[in-house]
Amino acid sequence: MTTPVQTPTRHEVSQSQEDSRLDDHSEDDSDVNRNGDVDRDKQEKLEDHDDHYKEEADTSYSLFSNPPNLVAMRRQLFEVKDEFEMSAQEFEEYFPFVDNVWRKYRIDQKDNDPNCETFCCRLRPSNQHKSSTPKAPAEGKQTRTKRKREEKTCPMLMKVTYVASPIKKVKVTRVTAPDLEHSHDLEYMDHNKRNTAIMDVARREAVRGFLPGSIFWKMQQEPDKMDEAGGKHMKISDVRNVQYPWRQQNPTAILKAHVGYTQQRTGPRQPKLASTIASASAPPTPNNGAIQRQIQSYVPFPLQPPPVAQLAPTPLPQGTLNYPEHAKEFLYPYLPHIPRIASQSRPHITLTWATSLDSRVALLPGVQTAISGPETKAMTHFLRSQHDAILIGVKTAMSDDPGLNCRLAGAGGFGGPDRAMQPRPIVIDPRARLHIHSEMRLLRAVREGKAQGPWVVVGPHIKLQPQAVTTLKAHGGEFLQINEIDPYYGLDWEALFSIFHREGIKSIMVEGGGKVLSDLLKPRYAHCVDSIIMTIAPTFFGKGGVEVAPDTAFDGQQPIQTRLANVKWQPMGQSDMVLCGQLDKTRTQPRLPGVQEFSRQPASTPVAPQHAAPPSVLPPLQQHAPPTPSQGPPAAQHNANPLAPQTQGPPPLQNNASPLPASNAHILPAPQPVQPPRPLAQINGASTSAPPGKSPKFRHYGVPRAS
Ligand SMILES: NC(=O)C1=CN([C@@H]2O[C@H](COP(=O)(O)OP(=O)(O)OC[C@H]3O[C@@H](n4cnc5c(N)ncnc54)[C@H](OP(=O)(O)O)[C@@H]3O)[C@@H](O)[C@H]2O)C=CC1
Ligand SMILES: Nc1nc(O)c(N)c(N[C@@H]2O[C@H](COP(=O)(O)O)[C@@H](O)[C@H]2O)n1
């Protein structure tokens with residue numbers, strides 16, 4: 001028998017937290033050049049940088065202390081074929097490995113023998129009344145078990161009799177008839193519920209302040225021990241659950257990583273990048289089990305819906321959407337690209353929303369407003385299927401009561417396998433204002449098997465309602481209490497994204513609302529944002545609508561614009577336009593080239609002094625050379641509506657692997673003959689033709705008003 005691992009004392013825990021804080025060195029993505037290659041110099045610097053990660057000094061120990069013959073003992077305690085005896089100490093050691101199979105069975109008081117305990121299989125139907133609201137799952141149990149349990153029942157009973165002899169021992173006897181078996185195997189129970197012993201392995205590390213991702217990774221380093229202990233189906237969310245009470249007590253603790261975990265995160269920077277990625281799709285080999293599992297857990301949902309043949313023949317729910325194959329090509333360059341994600345320590349971020357022409361996402365605050373037509377709506381659901389998570393602000397959650405799931409044919413709950421293609425909804429709710437109740441659409445969708453449990457991100461020192469915690473957890477959701485929300489400065493998005501990345505979220509689709517999008521459009525977050533996909537509808541909402549607009553930013557004293565690069569436009573449906581692009585991270589153009597062209601002031605023109613732009617604002621004109629015609633795709637591609645019936649095959653596509661066009665030149669009208677520049681005064685509206693002595697009442701643009 002092995003010695004149980006000592007749980008560290010409170011003092012040891014806090015000491016080790018103090019000793020070993022994990023500095024987060026999120027890299028920006030500029031080390032990956034346009035061809036997707038990692039820049040060598042930058043790579044070397046980053047590798048040096050990584051040496052400064054503070055990890056636990058020695059984490060080379062094993063997390064497991066499995067007793068001998070564990071596989072056989074678990075089997076014996078599961079089947080209870082014949083009566084057998086073991087020492088009471090042994091029973092106490094082995095039983096926690098099978099308590100996901102057995103629970104205590106209440107028998108009548110009169111039959112109660114104080115030396116006997118009866119256990120029934122956890123699938124034995126209970127006589128107690130079942131409440132309609134789901135209960136919080138026991139630690140380590142997956143909520144989806146609930147549905148399976150309703151399908152499967154098992155009558156098995158066993159009895160444990162304590163015998164007082166020189167050494168205390170137990171007699172384990174089957175109560176049910178000898179020919180009666182469990183209606184399921186042991187693996188079925190391991191799949192549905194974790195046993196206490198395997199959860200204790202995670203718990204011991206959790207209370208030492210390790211990151212859930214790191215604990216999970218460390219456990220997977222010993223896959224055989226994990227399997228023999230019944231942990232084959234363990235998930236990172238189990239580790240998070242087991243750490244939850246400790247996190248509540250230690251809200252300010254900065255979690256640390258095991259040696260090797262951070263290297264694993266940054267693994268692709270190491271020379272074996274190509275083979276590591278290749279192994280994600282290779283069949284498992286006997287000696288790469290640990291790596292295989294790890295990579296599988298990081299691979300986002302399948303990028304394509306499963307082939308139709310795999311879909312269940314049952315009728316699809318009402319509202320199931322389809323997005324045609326040929327229309328997807330246009331979006332691919334802007335979607336998460338697994339090898340690229342693997343080379344960065346933050347998730348791929350796509351900002352995507354539907355907007356009016358005056359940049360509003362809703363007619364009024366709190367009013368959910370349909371903007372997208374049916375085709376662009378289906379596109380949104382395709383985008384959802386391509387990301388690990390969807391993120392929204394709490395006001396969107398409160399006003400829209402959204403489902404935030406993927407309703408495309410082939411997604412989990414829409415003809416596809418369990419939760420396939422379903423992203424994790426994430427709500428930013430610093431003050432825990434969202435009322436969590438079982439009838440909200442986010443949770444209803446989970447119960448219907450059509451969504452993942454949502455994560456609600458709250459700020460530090462928030463007292464959570466126990467009922468809200470219970471309800472959320474019962475639906476596979478989580479409250480994530482994080483320090484990266486400051487009540488004054490707001491959220492540190494970069495830090496938050498890096499946390500998500502460590503929690504296994506490798507791509508996030510940010511849907512809104514106005515506040516969240518405006519925040520992420522600020523130049524200071526440009527390095528976190530990979531793509532922008534907007535649906536623009538030909539409508540104005542007016543100034544009372546919910547606006548998406550970053551604050552005006554300055555570079556020194558100069559105002560700077562937030563400009564998109566690598567832009568593609570695509571008409572879609574009756575009247576929508578989809579715009580894809582990336583935030584221009586170079587910020588070399590303080591003004592639109594056209595404005596500079598018009599603003600150039602001929603020496604002879606008199607200019608009203610109050611409207612003259614300070615010359616220093618204007619960089620030299622030649623910096624803005626017009627894009628060469630070869631930079632844009634042919635105009636025909638731009639005009640093709642991908643959702644129009646396909647008569648001659650799909651529209652011409654861009655090669656995903658090639659760099660995106662560097663400008664939006666292809667959407668501009670054909671070049672006009674060059675006109676001599678007009679005087680600045682006309683453009684700025686300081687009409688030089690106002691009657692002498694009178695200042696102009698209105699500003700006029702274009703042709704000066706006749707006096
Ligand atoms: N057309 C479209 O595509 C979409 C439209 N919408 C619409 O947008 C509207 C909601 O937008 P809006 O009112 O701007 O609200 P948001 O949904 O952006 O939520 C804003 C709230 O989220 C929290 N939050 C967001 N960002 C931060 C941050 N950086 N730091 C700290 N807290 C943050 C704050 O919560 P707290 O106040 O508690 O501090 C804040 O008030 C709805 O009407 C919805 O219908 C939404 C999504 C998409
Ligand atoms: N793509 C798009 N077009 C619109 O017209 C919209 N109003 C939105 N809104 C976003 O979608 C959420 C609703 O999602 P469910 O359909 O309930 O799953 C809403 O909350 C906004 O985030 N999007």
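Each ligand, and each atom within it, is numbered from 1 in the order the structure gives. Numbers for residues simply follow the sequence, beginning at 1. For clarity, every value in this text was computed on a predicted model and none was experimentally measured.
For the residues Pro402, Gly514, Ser399, the heavy atom positioned nearest atom 11 (O) of ligand 1 is part of Gly514. Distances from atom 12 (C) of ligand 2 to the heavy atoms of Arg384, Arg441, Met509 put Arg384 nearest. Selection from Met534, Arg407, Glu511, Gln368 by nearest heavy atom to atom 15 (P) of ligand 2 gives Arg407. Of the listed options Thr396, Thr380, Leu520, Leu364, Thr396 places a heavy atom closest to atom 10 (C) of ligand 1.
Close N/O approach between Ala362 and ligand 1 is not found [any backbone or side-chain N/O within under 3.5 Å].
Val361 CG2, 3.9 Å is the protein heavy atom nearest to atom 7 (C) of ligand 1. In this structure, the protein non-hydrogen atom closest to atom 21 (C) of ligand 1 is Val394 CG1, 3.8 Å. The nearest heavy-atom contact from the protein to atom 40 (C) of ligand 1 is Lys515 CG, 4.1 Å. Ranking the protein heavy atoms by distance from atom 2 (C) of ligand 2 puts Ser372 OG, 3.4 Å first.
Using a non-hydrogen distance threshold of 4.0 Å, Asp400 registers as a contact of ligand 1. Proximity of Pro365 to ligand 1 is not established, as no heavy-atom distance is less than 4.0 Å. Using a 4.0 Å heavy-atom cutoff, Tyr489 is absent from the residues neighbouring ligand 1.
Taking the side chain as every heavy atom from C-beta outward, Lys515 and Thr396 never approach each other to under 4.5 Å.
The backbone N or O of Ala451 lies less than 3.5 Å from a partner atom in the side chain of Arg419, making a donor-acceptor pair. With hydrogens and angles disregarded, a donor-acceptor distance shorter than 3.5 Å links the side chain of Gln243 to the backbone of Phe210.
Near Ile371, with a cut-off below 4.0 Å to any heavy atom, the atoms of ligand 1 are 1 (N). Applying the 4.0 Å criterion to heavy atoms of Gly403 picks out, from ligand 2, the atoms 15 (P), 17 (O), 18 (O). Atom numbering of ligand 1 starts at 1 in the shown order; those under 4.0 Å from a heavy atom of Gly393 are 16 (P), 17 (O), 19 (O), 22 (O).
With a 4.0 Å cut-off on non-hydrogen atoms, Lys377 does not touch ligand 2 at all.
Proximity of atom 23 (N) of ligand 2 to the protein is not indicated, since no non-hydrogen protein atom lies closer than 4.0 angstrom.
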